[in-house]
J.: 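I am attaching a structure below and will ask some questions about it afterwards.
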Protein chains: 2
Amino acid sequence: MNSVRPRDAEGTKAVILGAARLQFGQHGFDRTTIRSVAAAAGVDPALVMHYFRTKNGLFEAAATLDVQLPDLTGVPPGRVAAVLVPVFVKLWGPDGPLLPLLRAATSNPAARDMLIAIFSEKVAPALGPLTPDRAQERAALIGSHLIGVAVARHIIGLPVLEAMPDETLMVWLGPVFEHYLTEPRTA
Amino acid sequence: MNSVRPRDAEGTKAVILGAARLQFGQHGFDRTTIRSVAAAAGVDPALVMHYFRTKNGLFEAAATLDVQLPDLTGVPPGRVAAVLVPVFVKLWGPDGPLLPLLRAATSNPAARDMLIAIFSEKVAPALGPLTPDRAQERAALIGSHLIGVAVARHIIGLPVLEAMPDETLMVWLGPVFEHYLTEPRTA
DNA sequence: CCAGTCGTTCAACAAGCGTTGAATTGACCA
DNA sequence: TGGTCAATTCAACGCTTGTTGAACGACTGG
């Protein structure tokens with residue numbers, strides 16, 4: 001039944017990391033225990049420590065990711081949202097890499113810093129060229145809206161948003177993102 | 001130094017509740033311990049149990065709140081955002097009652113249910129009369145945007161949004177909320 | 001066939017947790 | 001003054017957690 005894997009350091013390391021990603025994402029940092037990760041990976045808890053030294057080490061390894069955003073230079077403003085929304089919806093989806101980070105951010109400063117870094121190094125630069133001014137603010141508003149939708153959908157589990165298909169969400173968010181990217185500000 | 005309070009059940013109960021609110025709000029459910037709440041309240045841990053029976057009981061007592069939204073019937077759509085945004089910004093602010101609930105929602109199902117209840121019993125009914133259709137969806141999008149801003153500002157601590165004054169935030173959010181409330185949907 | 005290496009497990013620790021029941025303290029009334 | 005009862009504390013329990021060092025066991029090169 002329980003298939004005994006051959007001895008393979010790199011392999012088991014990957015299995016542990018997979019289980020850790022899953023649990024950190026679903027239950028957050030505190031509720032995820034070394035023991036539960038080890039059990040899910042079919043491995044002794046001490047082995048987890050051996051490979052990742054500490055629980056924080058395991059988390060950092062599990063949360064390390066490279067967020068790739070499409071190049072948006074030259075995309076007409078009216079089309080930007082249509083390109084952007086599907087990408088972000090996937091990144092923030094239940095299987096995406098950002099939700100675990102957000103869940104952990106409640107109690108883990110390292111997770112907070114990682115999210116801030118992703119915003120200022122990836123999101124803001126990607127959106128900057130499309131905006132007339134105040135690029136940071138505009139990007140932050142778009143980003144925070146996406147965070148909110150992700151929280152409402154996947155953490156709180158608000159029925160209306162849980163039930164809403166991605167396409168419908170896109171239709172709603174599209175004009176708003178366009179507004180945030182292009183609307184001139186006087187104040 | 002450490003002022004010894006007179007024996008007063010109702011009083012100490014309130015002190016404990018205050019400490020609990022503070023800690024649940026700042027550190028979330030898991031990181032808040034009976035012992036730390038008791039210490040902050042200058043009281044024995046057993047006393048906390050005596051008054052609130054269990055940690056979940058303490059949390060429920062600390063998280064119980066009545067969110068009061070202004071009556072919006074008859075307010076012209078263009079003015080709605082101007083009325084609504086300050087109220088929501090305060091409710092979601094660092095001293096408001098909703099942030100603790102959201103922090104706890106990461107790991108506490110009761111907190112999730114409470115947030116869902118607040119949405120469906122308070123927010124959606126308040127916004128419903130202002131919308132031509134799909135009231136739940138429209139309210140959910142506004143609510144999730146506010147959640148996102150709160151998370152970005154007070155949980156993650158995104159510098160751009162932390163530094164943004166409430167008035168500026170209002171100017172940004174106003175047109176978007178108006179759009180969500182009034183924009184006709186064809187799809 | 002034996003030694004050594006490396007993946008892996010065993011067993012235990014110290015600390016912190018929620019929770020408990022009995023003991024202690026202090027205030028009030030007879 | 002002494003008794004009563006509520007408010008509060010003491011001391012401990014059983015459990016889970018992260019973490020550790022030593023032991024085990026399978027494969028590999030000599």
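Here is the naming used below: chain letters follow the sequence lines, and residue numbers restart at 1 for every chain.
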J.: Near DNA chain C, under 4.0 Å by heavy atom, which residues of residues 17-40 of chain A?
T.: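 Within this stretch, A:R35 sit under 4.0 Å of the strand.
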
J.: Round to the nearest Å and state the distance from A:L47 atom CG to C:dC6 atom P.
T.: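 Going from CG in A:L47 over to P in C:dC6 covers 15 Å.
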
J.: Do any N or O atoms from the side chain of B:K13 and from the backbone of B:F52 form a donor-acceptor pair under 3.5 angstrom?
T.: no

J.: What string of B, S and - do you get for nucleotides 23-30 of chain D, 5' to 3', when a contact is any protein heavy atom under 4.0 Å?
T.: --B-----

J.: Between atom CZ in B:F52 and atom P in D:dT8, what is the gap in whole Å?
T.: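 Value for this atom pair: 12 Å.
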
J.: Tell me the interatomic distance from A:R53, atom CZ, to D:dG21, atom P, rounded to whole angstroms.
T.: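 The distance from CZ of A:R53 to P of D:dG21 comes to 11 Å, rounded to the nearest Å.
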
J.: Is the B:Y180-A:H145 ring centre distance short of 6.0 angstrom?
T.: yes

J.: Rounding to an integer number of Å, can you tell me how far B:M49 CE sits from D:dA11 C1'?
T.: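 Nearest whole value for this atom pair: 16 Å.
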
J.: Which whole-number value in Å describes the distance from A:K55 NZ to D:dT20 P?
T.: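 Answer to the nearest Å: 15 Å.
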
J.: In terms of relative ring orientation, are B:F24 and B:F29 parallel, tilted or perpendicular, with 30° and 60° separating the classes?
T.: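 Parallel.
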
J.: Test A:R153 against A:D166 for salt bridge (charged side-chain N to carboxylate O under 4.0 Å, His left out), laying out the working first.
T.: CA-CA 11 Å; A:R153 267 184 145 185; A:D166 287 358; 2.9 Å; yes

J.: Figure out the NZ/P separation between A:K13 and C:dG7, and round it to whole Å.
T.: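 One finds 10 Å between P of C:dG7 and NZ of A:K13, rounded.
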
J.: With sequence neighbours excluded, what pairs up with B:T32 under the side-chain hydrogen bond (donor to acceptor under 3.5 Å, both in side chains) test?
T.: none

J.: Taking atom C1' of D:dT20 as reference, at what distance in whole Å does atom NE2 of A:H50 sit?
T.: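 About 12 Å, once rounded to whole Å.
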
J.: Under 3.5 Å, side chain of B:E162 to main-chain N/O of B:H154, donor-acceptor pair present?
T.: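 No; zero donor-acceptor contacts below 3.5 Å.
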
J.: Do B:L102 and B:V151 come within less than 4.5 Å of each other through their side chains, counting heavy atoms only?
T.: yes

J.: When we call it a touch if two heavy atoms are under 4.0 Å apart, what does B:Y51 touch: a base, just sugar-phosphate, or nothing?
T.: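 B:Y51: backbone/sugar contact only, no base atoms under 4.0 Å.
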
J.: A side-chain contact here means heavy atoms from C-beta on lying under 4.5 Å apart; do B:F119 and A:V160 qualify?
T.: yes

J.: Does a side-chain N or O from B:T54 land closer than 4.0 Å to OP1 or OP2 of C:dT19, or not?
T.: yes

J.: Let me know the distance between CG of B:N56 and C1' of C:dT19, rounded to the nearest Å.
T.: 13 Å

J.: A:R31 side chain to B:S107 main-chain N or O, any donor-acceptor pair under 3.5 Å?
T.: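 Confirmed, A:R31 side chain pairs with B:S107 backbone.
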
